[in-house]
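See below for the structure under consideration.
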Amino acid sequence: MREVRVRFAPSPTGALHIGGIRTALYNYLLAKKLNGTMILRIEDTDQTRYVPGAEEYIEQSLAWVGIKIDEGVTAGGPHAPYRQSERKSIYKQHVQKLIDEGNAYYAFDTEEELEAMRNRLKAAGSSNQQYSATTRMIMNNSLTLSEGETKKNLDAGVAYVIRLKVPDSEEVQLHDLIRGEVKVHSSQIDDKVLMKSDGMPTYHLANVVDDYLMKISHVIRGEEWLPSAPLHVLLYRFFGWEKDMPQFVHLPLLLKPDGNGKLSKRDADQMGFPIFPLTWTDPKTNELAKGFRESGYLPEALINFLAFLGWNPGTTEEIFSMEELAQAFSIERIGKAGAKFDIQKAQWFNQQYLKAKTEADLAAYLFESLQQENILCSEEKALKICSIMKERVTFTQDFWQQGKFFFHGPTSYDEQVIAKKWNEDVVKVLTLFSKEISNTAELTAAVAKSILESVTNQLGIGTGKILQGLRVAVTGNGSGPDLMMTMEILGNEEVANRINHALSIIKK
RNA sequence: GGUCCCAUCGUCUAGGGGUUAGGACACCAGAUUUUCAUUCUGGUAACACGGGUUCGAUUCCCGUUGGGACUACCA
């Protein structure tokens, strides 16, 4: 069996979409499972769409989720350069072979002429308005021009593109590892532009040439490429590379959570979830798009979630590390149908991973937030906070978001709780409790509990009746982590102060 | 419009000629937690439709419907 070499080949036109991460992931998992090589190739042949910073963004994103690149622009490798814009001469040389053998031709048509051709066909009721076997002989190209005229045009520097001369009548077949045999009649394939007038190749040419030269064994890419795969097969044939043609694997698409269609940034914005791995600022519009990382997702949770969108191990286990995914992975178990993006499941995965972390790991996230807020905190306190909160968080920033009261006294009190639970009894209990704990050396959770019990017993009031009141006085909230532990972390002085403050402010 | 791809609970999916069609998320209910969350238990919920093939199809075949992708000198 041949050496497994896969490639992830994004184009640097902006932030890398989450679907791209999944494509990269499946490539990576196959490589890892079969001891293969993962290649990152930058497909930057459209200079009009080039976005500065996008390439760095791609590398950083892959690094963040834990996809390691064996060969690529920064990793280097035997098939450098890995940036297509730097391989122009290679494509030129190859496309020349196609021309020499009559499988490609020069076309001089202007945009207006192409437009006119399409309109004419449309008006005539034609079902497809392509530049193809049926139309190429009425266009302005080296097939209709004499050799001399063509040469004259070329010498005079008339703008031209190079088109593939697709055979007019034959069935082009390919084998896709997910979908089986896919057949397309060549009359449905148009004479695709291979080389643009600026001398850059199009995707079709560059992709086939590079995959061959880089000895790619499996082309794993999104389903949107399936319709042009037969064209690529034709190219492999014309180049005489059919026996080295990679295996095709067209992945099901990631769909919108509601309704139908391909998942887009718009959907994500509307439904309030990220679609990019890392936060991205568009250099042109300055528009900011929050990433999964900045939204509090763990890379391992995101990967686990993504892996299961279109693939499953065939068992009921769901929590898989990257290693485990690679071991379990197989192309046969990839589904065919598109998968709707369910952010709730992603949140569940995140919660699972967060819960599995050590307190020390979690404290790092808390410290990250605290640093942004310029708040100092002892290691010991942070550890304690994380330990009582880890069961209740979904995102990394929740330790701070839901635990602000550990660092600031309440500035407001939950109104509903006040309305429902704040009463004479609460005031009585809190007044006495505050006094009692002030006289305590150290307010551990156990001490707090026993003092509270003795106070309520003394006053003949049920503890359950006043607990909500105590919580709202201390934290401002109606719910939260274990209250006794919370008070231990805060310390008797702080708790007493907060209670006294609440008693003086809240009237009933 | 044309070409190609796809179709099991709301969502991700397992399954496969005879099953009580399984799991997970979400949702609902109960228990635990003197709150909330966690945890536990239980529940609601699916084979798009029509023809074949077959003793028997949700499963295999065909069609219909529905959805998606592609249809650029973008990838």
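Remember, predicted model here, so these are calculated numbers, not experimental data.
Side-chain proximity of Lys340(A) to the nucleotides U11(B), C74(B), G68(B) is greatest for U11(B). Closest to the side chain of Tyr203(A), out of A75(B), U35(B), G15(B), is A75(B). Checking A75(B), C4(B), U34(B) against the side-chain heavy atoms of Asp46(A) singles out A75(B) as nearest.
Using a 4.0 Å heavy-atom cutoff across all strands shown, Thr45(A) reaches sugar-phosphate atoms only and no base atom. At a threshold of 4.0 angstrom between heavy atoms, the contacts of Lys262(A) are confined to the sugar-phosphate backbone, with no base atom among them. Within the nucleic acid shown, Ser11(A) comes within 4.0 Å of sugar-phosphate atoms alone, with no base atom in reach, counting heavy atoms only. Residue-level contact check: Gln130(A) touches the backbone only, with heavy atoms under 4.0 Å from sugar-phosphate atoms and none from bases. Within the nucleic acid shown, Arg221(A) has no heavy atom closer than 4.0 Å to any nucleic acid atom. Using a 4.0 Å heavy-atom criterion, one finds that Lys421(A) contacts no nucleic acid atom at all. Residue contacts shown for Val161(A) include a base, since a base heavy atom lies under 4.0 Å away.
A residue-by-residue look at Val193(A) and Glu453(A) shows that Glu453(A) has its nearest nucleotide of RNA chain B further toward the 5' end. In this structure, Asn312(A) and Gly478(A) both approach RNA chain B, and ranking their closest nucleotides by distance from the 5' end singles out Asn312(A).
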Please write out each protein N/O paired with an N/O of nucleotides 58-63 of chain B under 3.5 Å, distance rounded to 0.1 Å.
none

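Applying the salt bridge (Lys or Arg N to Asp or Glu O under 4.0 Å) criterion to Arg22(A), with sequence neighbours excluded, gives no partner residue. Applying the ring-ring contact (aromatic ring centres under 6.0 Å, His included) rule to Tyr353(A) yields no partners; only residues at least two apart in sequence or on another chain are considered.
Pairing for A48(B) is with U64(B), a Watson-Crick or G-U wobble pair whose two hydrogen-bonding atom distances lie under 3.5 Å. Across all strands shown, C55(B) pairs with G18(B); the Watson-Crick or G-U wobble distances both stay below 3.5 Å. Across all strands shown, C27(B) pairs with G43(B); the Watson-Crick or G-U wobble distances both stay below 3.5 Å. Searching all strands for a Watson-Crick or G-U wobble partner of U3(B) with both distances below 3.5 Å returns A69(B).
For a distance-only test at 3.5 Å, the side chain of Lys345(A) fails to qualify as a donor-acceptor partner of the base of A26(B).
With hydrogens and angles ignored, the 3.5 Å screen pairs a side-chain donor or acceptor of Arg471(A) with a backbone N or O of Pro481(A). A donor-acceptor contact shorter than 3.5 Å links the side chain of Thr358(A) to the backbone of Asp361(A).
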